[in-house]
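Shown next, in structure tokens, is the structure this report addresses.
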Amino acid sequence: MSTSVILQQMGVIVILVSIGIYLYKKGTVDSTVSPRISSIVVDVCNPALILASILSGNITATHKDLLIGMVIGVIFYSFLIILGFILPRILRSAPEDRRYYNMMTIYTNTGFIGIPVARAILPENAILYVIVINVMYSLLFYTHGITVLSAGKEKMNIKKIFSPGTIMAVLALVIFWFNITPPPIISNSISYIGNPTVFLSMVVLGVSIARSNLIGGLKNVRIWGYVLIRMILVPAMVAFILHSLKVNRDAVLGVTLMAAVPIGNLPMITSEKMGLDTELLSTAIAVTTAVSIITITALMSVLSHIL
């Protein structure tokens with residue numbers, strides 16, 4: 001994975017996001033159409049893309065690699081839970097905003113953005129670690145995440161853990177572990193369903209940026225503090241530690257990318273359902289998403305050069 005390849009692929013993503021902004025400005029994709037496309041991506045295309053990654057036959061990782069990935073995932077999210085408590089205090093956020101910064105620290109966009117970007121710029125074997133991180137994300141959000149966001153008022157929703165994305169991710173890991181090969185008609189269908197993921201997700205991302213108060217968010221000093229710590233320093237630290245521990249290159253790339261993605265939409269969507277104020281979350285999502293195009297490109301380019 002050379003720097004030029006990363007720059008080219010991220011350039012493609014910029015173009016696709018720009019198309020989303022254009023379609024929103026033109027009125028083709030409005031606030032009614034965008035959520036429907038998001039549902040298709042989250043519930044159909046993205047899960048298929050995860051499974052297609054395993055069924056491609058290009059992943060040559062071993063069972064040991066998967067187990068190592070699971071251990072890394074547990075340590076990674078344990079660290080983020082601790083950081084989620086500390087970071088709001090470092091940023092000196094208002095007490096009422098601390099739970100939102102907590103959510104922003106832990107629950108980033110590992111699925112909607114992370115998986116398509118990973119497919120675009122990472123080696124095939126790195127996708128295995130991306131899948132592991134996404135499984136753990138779902139397990140954690142509907143237990144720990146719901147509790148923190150609601151200040152303990154909402155109960156853990158175990159049923160929601162089993163979303164199409166989580167089920168497909170777990171299925172992908174099972175297929176990988178047992179080396180299952182489905183008939184071509186099944187694998188080809190899954191591949192075709194997963195193919196539109198990158199385009200559709202980036203278009204929705206562009207619409208989200210176009211709808212947000214991006215200019216106002218860019219003036220928020222605390223959001224820039226978040227970007228510096230969570231999207232630059234944390235991924236750099238993750239890469240340094242994993243590389244120092246002699247973890248294989250694909251794991252370093254996969255986990256570092258997952259550490260570098262912007263804030264996810266799920267905390268905001270859940271906050272809306274709870275009747276909470278989502279202004280901070282929506283603004284921060286827009287800013288970090290726009291900035292991530294630069295930070296991810298720079299970080300992964302440097303990392304690919306070092307590794």
Side-chain angles (χ1 to χ4, degrees), residues 1 9 41-78 80 106-143 145 160-182 186-187 190-191 193-198 200-201 235 238-239 242 247-262 264-266 296 300:
M1 184 184 66
Q9 293 299 330
V41 172
V42 172
D43 294 334
V44 181
C45 296
N46 226 357
L49 183 64
I50 292 173
L51 193 53
S53 301
I54 297 296
L55 296 178
S56 67
N58 296 324
I59 295 180
T60 58
T62 63
H63 288 173
K64 180 181 177 181
D65 293 328
L66 175 56
L67 294 175
I68 290 173
M70 294 174 69
V71 171
I72 292 173
V74 170
I75 296 173
F76 175 66
Y77 273 112
S78 297
L80 290 184
I106 304 170
Y107 303 105
T108 52
N109 213 327
T110 59
F112 196 83
I113 294 178
I115 293 173
V117 172
R119 285 284 291 170
I121 70 174
L122 295 186
E124 292 287 345
N125 281 354
I127 304 300
L128 182 66
Y129 304 97
V130 172
I131 295 173
V132 170
I133 292 296
N134 275 276
V135 170
M136 293 188 175
Y137 177 107
S138 295
L139 294 174
L140 199 58
F141 182 82
Y142 290 107
T143 51
K160 287 190 176 180
I161 291 177
F162 301 102
S163 64
T166 307
I167 293 172
M168 202 65 78
V170 172
L171 179 60
L173 294 178
V174 170
I175 288 174
F176 168 79
W177 186 268
F178 292 102
N179 195 26
I180 299 171
T181 304
I186 300 297
S187 57
I190 292 172
S191 179
I193 295 170
N195 284 340
T197 303
V198 177
L200 292 178
S201 60
V238 168
L242 292 179
V247 175
N248 73 74
R249 181 174 184 269
D250 294 323
V252 176
L253 293 172
V255 178
T256 300
L257 176 61
M258 293 297 96
V261 292
N265 293 331
L266 196 52
I296 289 176
M300 301 308 291

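Side chains are part of it too, since the values below use all heavy atoms of this structure and drop only hydrogens, waters and symmetry mates. In this text the structure is predicted, and so the values were computed from the model without any measurement.
- Summarising the geometry, atom OG belonging to Ser187 is positioned 13.0 Å from atom CD1 belonging to Ile180; distances are rounded to the nearest 0.5 Å.
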side-chain contact (heavy atoms from CB on, under 4.5 Å) between Leu49 and Asn195, intermediate numbers included: CA-CA 7 Å; Leu49 183 64; Asn195 284 340; 5.7 Å; no
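- With no hydrogens or angles considered, no side-chain donor-acceptor pair links Asn46 and Ser201 at under 3.5 Å.
- The shortest non-hydrogen separation linking Val198 to Pro116 is CG2-CB, 3.8 Å.
- Using a 4.5 Å heavy-atom cutoff, the side chains of Val170 and Val135 are in contact.
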Intermediate values then yes/no, side-chain contact (heavy atoms from CB on, under 4.5 Å), Tyr129 and Asn248: CA-CA 11 Å; Tyr129 304 97; Asn248 73 74; 2.9 Å; yes
Intermediate values then yes/no, side-chain contact (heavy atoms from CB on, under 4.5 Å), Met300 and Leu122: CA-CA 9 Å; Met300 301 308 291; Leu122 295 186; 3.8 Å; yes
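- Side-chain contact between Arg249 and Pro123 is present, with at least one heavy-atom pair separated by less than 4.5 Å.
- Side-chain contact between Phe178 and Val174: present, with at least one pair of heavy atoms (C-beta onward) separated by less than 4.5 Å.
- Judged by distance alone, the side chain of Asn125 and the main-chain N or O of Asp250 form no donor-acceptor pair under 3.5 Å.
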Chi angles and distances behind the side-chain contact (heavy atoms from CB on, under 4.5 Å) call for Ile115, Thr197: CA-CA 9 Å; Ile115 293 173; Thr197 303; 5.8 Å; no
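- Within the model, atoms OH of Tyr77 and CD1 of Ile106 stand 9.5 Å from one another, a figure rounded to the nearest 0.5 Å.
- Of all heavy-atom pairs between Leu200 and Cys45, the closest is CD1-SG, 4.3 Å.
- Here Leu67 contributes atom CG and Lys64 contributes atom NZ; the two are 10.0 Å apart, rounded to the nearest 0.5 Å.
- Taking each heavy atom of Ile113 and Asn109 in turn, the nearest pair found is N-OD1, 3.3 Å.
- Counting only heavy atoms from C-beta outward, the side chains of Leu55 and Phe176 never approach each other to under 4.5 Å.
- No option in Val74, Leu80, Ile75 other than Val74 meets the side chain to side chain contact (heavy atoms under 4.5 Å, CB included) test with Ser78.
- Rounded to the nearest 0.5 angstrom, Met70 CE and Leu128 CG are separated by 10.0 Å.
- Side-chain contact check for Val252 versus Val238: every heavy-atom pair is 4.5 Å or farther apart.
- Interatomic distance, CE of Met258 versus CD1 of Ile72, reported as 13.5 Å (0.5 Å rounding).
- When only modelled atom types and interatomic distance are considered, Asn134 and Thr110 share a side-chain donor-acceptor pair under 3.5 Å.
- In terms of heavy atoms, Ile59 sits closest to Ser53 at CD1-O, 3.5 Å.
- In plain terms, the two heavy atoms of Arg119 and Ile127 that are nearest each other are N-CD1, 4.0 Å.
- Atom CG in Leu140 sits 11.0 Å away from atom CD1 in Ile133 (nearest 0.5 Å).
- Between the side chain of Thr256 and the backbone N or O of Leu253 there is no donor-acceptor pair closer than 3.5 Å.
- For the pair Ala48 and Ile190, the tightest heavy-atom approach, listed with the atom from each and the gap, is O-CG2, 3.3 Å.
- Using a 4.5 Å cut-off on side-chain heavy atoms (C-beta onward), Val255 and Leu242 make contact.
- Two residues are said to be in side-chain contact when any heavy atoms from C-beta on lie closer than 4.5 Å; Leu171 and Met168 meet this criterion.
- In this pair, Tyr137 and Tyr107 present their aromatic rings perpendicular. The plane angle is above 60°, beyond the 30 to 60° band.
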